Structure formats: structure tokens, C-alpha cells
Amino acid sequence: MGISVYNTLTGKKEELKEVHPGEIRMYVCGPTVYDDSHIGHGRAAVVFDFIHRYLEFRGYKVTYVRNYTDVDDKIINRANADGVPAAEISERYIKSYESDMEALHVAKPDFTPKVSGHMPDIIATIGALIEKGFAYASGGDVYFSVRKFFNYGVLSKRTLDEMESGARVEINEAKRDPLDFALWKAAKPGEPKWASPWGDGRPGWHIECSAMSTKYLGNPFDIHGGGKDLIFPHHENEIAQSEAAYGKKMVKYWLHNGFVQINSEKMSKSLGNILLIRDLLSRYHPEVLRYFYASAHWRSPIDFSEDNLLQAEETLWRFYSAFNKIQKLAKAAGEAKLLSEGQLWERLNKLEDEFKEAMDDDFNSAKVIGIFNDFLRLLNQSLDNGKFIKNPAGVALLEKSWRQLTRLGEVLGICQDDPAAYIEQGKLKGLKIMGLEAFAIEKKMQERSQARLDKDFAKADAIRSALLEQGILLEDSREGTSWNIDIKQVHKKLQPPGGKK
RNA sequence: GGCGGCAUAGCCAAGUGGUAAGGCGACGGUCUGCAAAACCGUUAUUCACCGGUUCGAAUCCGGUUGCCGCCUCCA
């Protein structure tokens with residue numbers, strides 16, 4: 001069984017059959033760089049990162065292109081508002097996006113082309129469209145004639161007549177048909193412009209992706225991705241342009257990720273509920289975000305709420321707590337032959353197949369999360385078993401199990417940190433937020449340990465509840481007492497009052 | 001108005017023809033001086049509603065209701 005993917009073009013899951021054997025070429029619409037990126041951009045990037053990494057995990061040679069739209073009305077508006085050149089705006093927000101992507105551990109695409117760097121390709125594509133009769137120049141603009149392209153509407157599944165009846169298209173004298181869209185826009189004073197056979201101007205929004213995807217990937221290529229909102233008009237127009245210009249099918253599989261909602265509402269500037277990636281990353285470890293993104297299917301809407309993120313954080317913490325225990329045991333036990341029997345051993349041997357089965361089925365990361373949690377329970381069962389962890393072979397099996405979760409988790413970008421470091425950063429961050437110092441906690445813990453030795457449990461319990469009120473949980477075990485951060489209290493403190501639903 | 005999608009327990013969320021994964025929460029238990037953590041057990045006879053197809057449907061078909069997205073910039 002191979003990989004199956006849900007294709008917007010057909011509305012069905014289909015078996016993934018690559019155009020070139022052993023190779024997958026994919027193009028994903030990146031951001032228009034006029035502002036800092038929000039968690040919706042983050043989701044698109046992370047979802048296609050899962051897909052990118054999984055295809056590589058499955059042995060494909062993947063060529064991944066994600067573009068920047070750096071020539072656009074919104075950028076020009078922003079530049080005018082800030083009183084700086086448009087190029088400065090786009091450059092600033094490309095840097096911002098790249099730093100967010102790095103922070104989210106999104107693997108770099110092979111190419112990240114910009115519109116401004118591909119004018120000759122874009123102009124050539126427009127030229128070809130005019131030559132073949134699909135486009136016409138009109139007063140310094142160039143338009144694509146949608147009625148000339150027989151297949152217009154295949155992706156968004158609507159007909160030109162339907163569009164026309166519901167049209168809310170502005171009247172534009174230059175267009176022959178109100179549904180025609182711009183390939184080239186004549187420059188207005190003060191706007192960035194490039195020379196072209198139709199006069200100075202700049203490309204329309206959609207043509208860049210046709211020109212650049214063709215340049216880097218050829219036609220047809222395997223996967224084209226983007227947010228659901230791009231289906232119409234952006235991707236519909238891309239198909240029209242590419243297929244008209246090059247006379248070949250453009251893309252085999254169209255993948256569209258679901259939207260992010262905030263407390264079940266649409267995230268939008270007008271609602272004022274935009275959550276920036278960097279704001280979230282100031283409060284959550286990047287793996288928490290990735291875990292959260294992975295916990296829903298990539299095509300479904302996903303609801304960002306503090307409760308949901310908190311849940312992701314707690315569950316991820318369970319993984320790292322277990323890994324932390326395993327790591328310590330492994331260091332103490334040293335090299336040993338692997339225990340090759342029992343439930344854990346058997347499940348470990350099946351884990352990769354389970355993982356593949358889930359991911360092969362339309363990249364079902366949510367199912368993988370379920371499988372991982374199931375496996376974690378087995379790990380904890382063994383960790384609870386005194387005999388098991390005294391046996392070096394058992395410890396070796398635990399370590400191997402942890403390594404396997406790390407190996408498979410790489411595709412989703414979770415379980416990649418050093419456990420001790422992960423736990424440590426979580427505790428340090430918590431302390432900072434709660435305004436506490438580790439040595440003060442340790443001092444209290446010593447006092448409490450003495451009280452416990454003296455059997456003065458009233459005093460010991462008083463110390464414990466005092467710490468708990470400050471957000472510190474104490475955990476007694478055979479090896480002694482350790483402290484932990486009460487994540488819920490930390491986040492309560494972080495949340496603006498009344499900001500949570 | 002047109003087009004597309006979604007509706008699974010208190011909450012989050014898998015499951016597209018064979019009798020409901022996983023997480024959070026809650027409750028009971030083991031462990032503990034007591035807790036916490038971890039583990040064990042319980043927590044949806046049922047998948048918005050109505051009808052149909054089928055030996056059999058959360059899964060397919062038709063209808064109803066509700067929610068969301070797109071049709072204008074948007075990941």
C-alpha cells in the first residue's frame with residue numbers, strides 16, 4: 001500500500017503516484033510579506049512541513065518550493081503608511097517570516113523564490129498567454145480571458161455563469177469580461193515598477209506562482225499546497241494560466257489545509273484576534289505548537305484556545321517526563337543487551353508500521369498522536385515496574401523505545417529535544433514567570449524533608465501547600481523529593497484577565 | 001443568492017460498509033504518612049435529526065436543522 005492523499009481537484013482520496021519515479025515535486029504558496037506572521041501562516045507551514053518530511057521519510061527525493069509574494073498592493077500600502085520603500089517592507093517581513101519558521105523548526109524548502117527576482121519568467125509567461133490568444137493587453141494592463149480557457153472552474157467547482165450571477169466584481173473598462181483577471185498592472189505614480197512589452201508595471205497576483213512553479217518544477221508537478229482560502233481565485237487562476245500557457249496539466253494533487261480559529265471564531269484583523277507566531281512562541285515551546293497542529297487532521301479547522309494549547313503542553317510534558325526517567329536510567333545502567341520479549345518489545349517492533357499506516361492515509365497526524373500516546377502508556381507501565389527497570393536489558397529496551405519515538409517524531413517535529421533540557425527549560429520558564437528562584441524552593445524542600453523525618457507532617461504539608469500556591473508541585477518518590485512547575489498556574493498568570501473563554 | 005465543507009462523550013479528536021483510537025476532565029483503585037506523578041478500572045448500546053439502500057452504516061443515497069468557509073485581500 002502506498003500513500004493516499006485527499007485531492008481538492010477530485011474531492012477524493014487518491015493513491016499518490018509520482019510524476020517522476022522516486023521523486024516528488026511540491027509547491028506551496030507562501031506568505032505575502034507585509035506583516036508579521038500569524039498562527040494561520042504557521043499552520044500552513046507546519047502542515048506542509050509534516051508532508052515534506054514524511055515524503056522524505058518514505059524515501060522520496062523531494063523538491064520543495066515555497067514562494068514569497070513580495071510585490072503586491074498590501075505591501076505598497078504598508079510602505080506608504082510607514083513612509084519607506086516597498087522593498088524595505090518586503091525584506092523586513094521575509095526576515096520576520098524566516099525567523100518564525102526557524103523558531104517553529106520548519107525545515108527549509110529547497111527554493112524560496114520571490115516575485116521581484118523572477119520578472120523575466122513572469123513576463124515570458126504573460127507573453128506566451130497573449131501569443132496563444134488567452135490574454136490581451138488593454139491600456140497598459142494585461143488580462144487573462146477566462147472564457148477562452150475551457151476548464152475554468154475545475155478546482156473550485158463552479159461555472160463561469162454561476163460566478164457571473166453572483167459577481168461582486170468592480171466595473172473595469174479595461175476588461176472585456178468582468179471575470180477576467182489581471183496578469184500585468186500598469187504602474188501608477190510612486191509604485192514599484194518593472195519594464196515590460198506592455199509598458200512599466202508589475203505582475204498581477206496569480207501569475208507569479210504559475211511562472212515560478214513551472215521554472216523550478218516543470219509541468220505537471222506532483223503537489224501544490226496552500227490554505228483553503230486560496231482555492232478560489234488564486235489556485236483556479238494558476239491552473240488557467242499554466243495550462244493555457246504551457247499546454248500541459250499543471251498539478252496532479254491539490255492540497256488545501258484547514259483554517260485556524262480562535263475560540264471558535266474566525267481569526268481576522270477586523271475581529272482583532274490575530275495571534276502572531278512569535279507571541280505564542282514566547283509562551284509555548286515550539287514543540288507544543290507542533291504537537292497541537294499535529295493533533296488535528298490537516299484539512300480540518302483547528303481551534304486555538306488557551307485550554308487546547310495547555311492540553312497539548314501537558315501531554316507533551318508527559319512524554320518528556322518519561323523520556324527523562326529513561327535517560328537517567330540508561331545513563332546509570334550503561335550498555336546492555338536488549339530485552340527482546342514482552343509487550344513493550346512487541347509493540348516497539350510494530351510502531352513504525354503503525355506510524356506509516358497512519359501517515360500513508362492522507363498524512364493522518366492526529367492518528368499518530370494517538371499511537372504515540374498509546375505507546376507512552378506502555379513505556380510508563382514498564383517504568384512503574386521495579387523489576388523491569390532493575391534489569392539492564394529492560395532499560396536498554398526502554399531507551400530503544402524512546403529513540404524510536406524520537407526517530408518517528410522527527411516527521412512531526414516532536415520529541416526531538418533532549419529530555420533533561422526540555423524539562424529544565426520548562427521549569428526555568430515557569431520560575432521566571434512565577435517570579436521564583438530555584439534555590440529558595442530547594443531550601444523549602446530541605447526544611448520539609450527534615451520535618452518529614454521528624455514525622456512532623458503538619459509542618460511538611462504546610463510547606464507543600466505554600467509552595468503549591470506559588471505554582472510549585474512537590475513529588476516524593478523513593479529517590480527523594482523533586483519539584484515541578486504547575487503549568488496551569490503559570491498560564492493563568494500569563495493570560496490577560498478575562499482573555500480566556 | 002451561488003458553490004464547497006463540517007456535525008462523533010463534559011471538552012479536544014481519530015475512525016468512509018462489519019459493529020466506536022487517543023488525549024484532557026471526572027469518579028473508583030494501586031502506590032504514598034498524606035499528596036503529586038505514574039499505572040489499573042469506570043466514563044458514547046451510540047456517532048445532529050428523519051427516511052432509504054444493505055445480511056450489516058458513524059461510514060453510502062435523499063431530505064431537514066445547525067455551524068463554518070469561499071464567491072473581495074487572506075495560510
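On a predicted model such as this, the values are computed, not experimentally measured, just so you know. Convention: sequence-line order gives letters A, B, ...; per-chain numbering from 1.
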Q: Going 5' to 3' through nucleotides 4-15 of chain B, assign each nucleotide B (protein heavy atom under 4.0 Å from a base atom), S (under 4.0 Å only from sugar-phosphate atoms) or - (no protein heavy atom that close).
A: --------SSSS

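Side-chain contact, A:Thr69 with A:Glu208: a donor N or O sits under 3.5 Å from an acceptor N or O.
In this structure B:G17 sits in no base pair that meets the Watson-Crick or G-U test at under 3.5 Å. Under the Watson-Crick and G-U wobble criteria, each requiring two contacts below 3.5 Å, nucleotide B:G51 is paired to B:C61. Judged by Watson-Crick or G-U wobble contacts below 3.5 Å, the nucleotide B:G10 has B:C24 as its partner. Checking B:A36 for Watson-Crick or G-U wobble geometry (two distances, each under 3.5 Å) identifies no partner in any strand. For B:U46, there is no paired nucleotide, since no Watson-Crick or G-U wobble pair has both relevant distances below 3.5 Å. Nucleotide B:G4: paired with B:C68 (Watson-Crick or G-U wobble, both distances less than 3.5 Å).
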(Q) Could you go through A:His256 and A:His235, starting from their C-alpha distance and side-chain angles, then the distance that decides it, and tell me whether this counts as ring-ring contact (aromatic ring centres under 6.0 Å, His included)? (A) CA-CA 10 Å; A:His256 292 99; A:His235 290 162; 5.0 Å; yes

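Considering only the side chain of A:Lys74, B:C73 comes nearest among B:C73, B:G25, B:C39. Which of B:A37, B:C24, B:C71 sits closest to the side chain of A:Arg318 comes down to B:C24. Distances from the side chain of A:Arg448 to the nucleotides B:G33, B:A75, B:G22 place B:G33 closest.
Between A:Asp141 and A:Ala186, the shortest heavy-atom contact is OD1-N, 2.9 Å.
Rounded to a whole angstrom, the distance from the P atom of B:U16 to that of B:U59 is 12 Å. Taking the C1' atom of each, B:A38 and B:C70 are spaced 48 Å apart, rounded to whole Å. On the C1' atoms, B:A26 is 25 Å away from B:A48, given to the nearest whole Å. Here, B:G33 and B:U19 have their C1' atoms 49 Å apart, quoted to the whole Å. Taking atom P on both B:A36 and B:G18, the two are 42 Å apart, rounded to the nearest angstrom. As rounded to the nearest Å, B:A44 and B:C61 have C1' atoms that lie 26 Å from one another. Separation of the P atoms belonging to B:C73 and B:C12 is 33 Å when rounded to the nearest angstrom. Only the P atoms considered, B:A14 is 9 Å distant from B:A7, to the nearest whole Å.
Within the 4.0 angstrom heavy-atom criterion, only backbone atoms of the sugar-phosphate kind lie near A:Asn380; the bases stay farther away. Nucleic acid contact class of A:Asp374 (heavy atoms, under 4.0 Å, all strands): sugar-phosphate only. At a threshold of 4.0 angstrom between heavy atoms, the contacts of A:Arg158 include nucleobase atoms, whether or not backbone atoms are also involved. Looking at heavy-atom distances under 4.0 Å, A:Gly370 makes contact with a base. As judged by a 4.0 angstrom heavy-atom cut-off over every strand, A:Gln381 is placed among residues touching the sugar-phosphate backbone only. Nucleic acid contact class of A:Val28 (heavy atoms, under 4.0 Å, all strands): none. Residue contacts for A:Phe232: at a heavy-atom cut-off of 4.0 Å it reaches the sugar-phosphate backbone alone, with no base atom in range. Among the atoms of the strands shown, only primed sugar atoms or phosphate atoms (P, OP1, OP2) are found under 4.0 Å from some heavy atom of A:Asn373.
Taking the centre of each ring, A:Tyr97 and A:Tyr68 come in below the 6.0 Å mark.
A:Leu383 has its CG atom 11 Å from the P atom of B:A38, to the nearest Å. One can place CZ of A:Phe304 at 20 Å from P of B:C68, the figure rounded to the nearest angstrom. Atom CZ in A:Arg464 sits about 10 Å away from atom C1' in B:U32, given to the nearest Å. If you take NE2 of A:His38 and C1' of B:A75, they are 6 Å apart, rounded to a whole angstrom. In this entry the distance linking CG of A:Asn67 with P of B:A75 reads 11 Å, nearest Å. What separates CG of A:Asn237 from C1' of B:C70 is a distance of 14 Å, to the nearest Å. One can place CG of A:Leu379 at 16 Å from C1' of B:A37, the figure rounded to the nearest angstrom. In this structure, A:Ile231 atom CD1 and B:C68 atom P are separated by 18 Å, rounded to whole Å.
Place A:Glu314 and A:Arg478 on RNA chain B by their nearest nucleotides, and A:Glu314 ends up nearer the 5' end. In terms of position along RNA chain B, the nucleotide closest to A:Ile369 lies nearer the 5' end than the nucleotide closest to the other residue of the pair A:Ile369 and A:Lys325.
Stacking here means ring centres nearer than 5.5 Å and ring planes tilted less than 30 degrees, and by that measure A:Phe259 stacks onto B:A75.
Around NZ of A:Lys157, the count of heavy atoms belonging to other residues, nucleotides or ligands within 6.0 Å exceeds 12. Within a 6.0 Å sphere centred on CD of A:Gln404, heavy atoms belonging to other residues, nucleotides or ligands number more than 12. Applying the 6.0 Å contact sphere to CD of A:Glu475 captures more than 12 heavy atoms from other residues, nucleotides or ligands.
Taking 4.0 Å as the cut-off between side-chain N and carboxylate O, A:Arg377 and A:Asp374 count as a salt-bridged pair.
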Just distance, no hydrogens or angles: give the donor-acceptor pairs under 3.5 Å from side chains in residues 453-460 of chain A, sequence neighbours left out.
{"unit_1": "A:Asp454", "atom_1": "OD1", "unit_2": "A:Gln450", "atom_2": "NE2", "d": "3.1"}
{"unit_1": "A:Asp456", "atom_1": "OD1", "unit_2": "A:Lys459", "atom_2": "N", "d": "3.3"}

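Considering A:Lys188, A:Arg78, A:Arg202 as possible partners of A:Asp73, the one that fulfils the salt bridge (charged side-chain N to carboxylate O under 4.0 Å, His left out) test is A:Arg202.
Relative orientation of the A:Trp317 and A:Tyr422 rings is tilted, given thresholds of 30° and 60° on the angle between their planes.
A close approach under 4.0 Å does occur between a side-chain nitrogen or oxygen of A:Trp205 and OP1 or OP2 of B:C74. Residue A:Arg66 places no side-chain N or O under 4.0 Å from the OP1 or OP2 atom of B:A75.
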